[in-house]
Amino acid sequence: MPDTQPATTQNAAPAVRFQDFGLADSILRALADQGYTHPTPIQAEAIPVVLRGHDVMGAAQTGTGKTAGFSLPIIQLLLAHANTSASPARHPVRALILTPTRELADQVADNVKAYSRHTPLRSTVIFGGVDMNPQTAALRAGVEIVIATPGRLLDHVQQKTLNLSQTQILVMDEADRMLDMGFLPDLQRIINLLPRERQNLMFSATFSPEIKKLANSFLKNPVTIEVARSNATADNVTQVLYKVDEETKADAVAHIIRERGLKQVIVFSNTKIGASRLSRHLQKEGVKASAIHGDKTQGERMAALEAFKQGSVEVLVATDVAARGLDIAELPCVINYDLPYNPEDYVHRIGRTGRAGASGDAISLFTDKEARQLADIEKLIKHTIARLQLDGFAPRRASERRSRHEGEEGGSVQRERSPSRSGSPRREKVDPWFLKPYEPAPSEPREEPEAQAAQTRPQKAKVAALLGGVPKR
DNA sequence: AAAAAAC
């Protein structure tokens with residue numbers, strides 16, 4: 001669980017430890033069980049603020065330790081203010097954590113359970129797509145902490161199996177995602193079920209005007225906690241682009257996976273059909289792949305995720321259901337099979353790698369048709385992404401024309417792996433720009449501090465060289 | 001233009 005960081009990676013001068021926050025021994029013991037002694041930056045900031053009872057507006061991406069940042073102080077607050085109210089439920093719901101996807105709810109719940117295991121507090125997770133009865137039973141038995149997706153939560157409220165009238169703390173995790181998914185009416189309905197007097201914590205990776213509006217509407221004098229710059233990509237992630245043909249995209253992915261020997265990679269597709277299709281294609285190529293998307297049953301989704309975590313599945317082909325929040329430790333690489341339409345999704349997708357200070361690779365494929373998306377992405381992240389050649393991979397028709405354009409040796413061109421399905425070569429035009437490294441516009445600065453830093457890291461140096469070392473201003 | 005989420 002990369003939610004907290006081990007002592008060895010802590011580099012702040014006077015190292016803060018979890019025991020410095022005045023957390024209960026039972027919480028510290030749970031942290032010790034997992035080998036965590038030192039908080040991540042967001043935890044060091046958030047824990048004292050939440051303990052003091054403030055509302056929080058948190059700007060944090062996945063992998064920063066956000067979950068522990070809010071769940072540890074919540075557990076502490078619930079322990080400190082013991083429940084004195086009598087029945088009906090001896091355990092009224094006192095903290096509610098909302099997440100946009102079922103998988104994220106499940107994972108936050110796992111964390112909460114782990115951190116509260118030595119306390120008398122009980123928690124449960126509530127989401128759709130699965131049998132309601134076990135959830136109802138858990139709620140009947142009594143829980144202090146509920147982690148939920150909005151739809152099923154409201155369902156339980158309607159069935160009167162859940163009462164939120166004593167909920168003192170509300171957390172909205174990945175609030176930007178919830179808005180994107182049209183949860184605003186549900187969120188408002190849920191907020192109306194809560195007592196007026198309560199503590200609100202809201203976390204978001206990006207800051208649109210809508211998010212700010214939502215924050216203004218229900219946070220009271222929030223303390224802002226910012227860890228990563230919003231809309232920024234981590235600089236420990238090496239981003240590259242490969243231009244491909246539509247027809248050879250799937251083969252290109254298989255090639256990249258083989259070439260790099262990838263054993264833990266998420267491949268993002270823009271569509272559910274595309275994800276399933278690519279997964280099947282990779283399986284035929286002998287790659288241990290599985291697809292995860294919203295048309296799969298909840299059981300299939302959980303099985304795919306579990307198999308991926310266990311390693312029996314090496315390539316998880318996913319829609320944006322997996323772009324945010326999924327807690328998969330230290331993913332070394334993500335691949336964008338399609339460029340996302342929403343440039344912020346690019347940030348979220350590649351946020352799946354290079355977590356907690358580890359380095360990572362973000363590889364994106366793009367076709368002529370995706371020029372617009374690419375421009376939007378580079379505008380959002382405020383720098384260009386290196387265009388590289390796909391070495392040793394011969395896109396069928398493009399490769400045949402290679403020698404004509406750049407005078408490259410045609411001998412290195414491989415035989416096509418699978419015969420063309422259509423047979424008729426329709427695509428005549430080869431973009432010569434694909435065949436040479438990307439060159440920045442002459443007006444752009446050539447010498448940047450980042451270029452020097454990059455030289456200490458071989459892979460980055462290669463990219464920086466091709467790029468001309470250019471973060472665009 | 002597409003994804004996710006309640007039945």
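Numbered from 1 within each chain, the chains take letters A, B, ... in sequence-line order.
- Of the listed nucleotides (B:dA4, B:dA1, B:dA5), B:dA5 has the atom at the smallest distance from the side chain of A:R102.
- Listed here is the closest heavy atom pair of A:L374 and A:R387: CD2-NH2, 3.4 Å.
- For B:dA1, neither phosphate oxygen OP1 nor OP2 lies less than 4.0 angstrom from any side-chain nitrogen or oxygen of A:T271.
- Using a 4.0 Å heavy-atom criterion, one finds that A:G182 contacts no nucleic acid atom at all.
- The nearest whole Å value for the distance from the CG atom in A:L339 to the C1' atom in B:dA3 is 16 Å.
- A straight line from CD of A:Q188 to P of B:dA5 spans 21 Å, rounded to a whole angstrom.
- For A:Q43 (side chain) and A:G65 (main-chain N/O), a donor-acceptor pair under 3.5 Å exists by modelled atom type.
- Between A:K66 and A:E226, none of the side-chain N atoms (NZ, or NE/NH1/NH2) sits under 4.0 Å from a carboxylate O, so this pair counts as no salt bridge.
- Rounded to an integer number of Å, the gap from OH of A:Y341 to C1' of B:dA3 is 11 Å.
- For A:T367, the side chain to side chain contact (heavy atoms under 4.5 Å, CB included) test picks out A:V244, A:E246, A:K249, A:K369, A:E370, with sequence neighbours left out.
- The residue A:R372 sits apart from the nucleic acid: no heavy atom pair falls under 4.0 Å.
- Regarding A:R189, its CZ atom lies at a distance of 13 Å from the P atom of B:dA6, rounded to whole Å.
- If you measure from atom CD1 of A:I126 to atom P of B:dA6, you get 11 Å, rounded to the nearest angstrom.
- Between the CD atom of A:Q373 and the P atom of B:dA3 there is a distance of 14 Å, rounded to whole Å.
- For A:H293, taking side-chain heavy atoms from C-beta onward, the closest of the listed nucleotides B:dA5, B:dA3, B:dA4 is B:dA4.
- We find that CE of A:M181 is positioned 5 Å from P of B:dA5, with the value rounded to whole Å.
- In this structure, NZ of A:K272 is placed 10 Å from P of B:dA2, rounded to the nearest angstrom.
- Residue A:R349 places none of its side-chain N or O atoms closer than 4.0 Å to OP1 or OP2 of B:dA3.
- The shortest distance between the side-chain N/O atoms of A:T319 and the OP1/OP2 oxygens of B:dA4 is below 4.0 Å.
- A:K113 is linked by a side chain to side chain contact (heavy atoms under 4.5 Å, CB included) to A:S123, counting only residues two or more places apart in sequence or in another chain.
- Nearest nucleotide to the A:R301 side chain, out of B:dA4, B:dA6, B:dA2: B:dA4.
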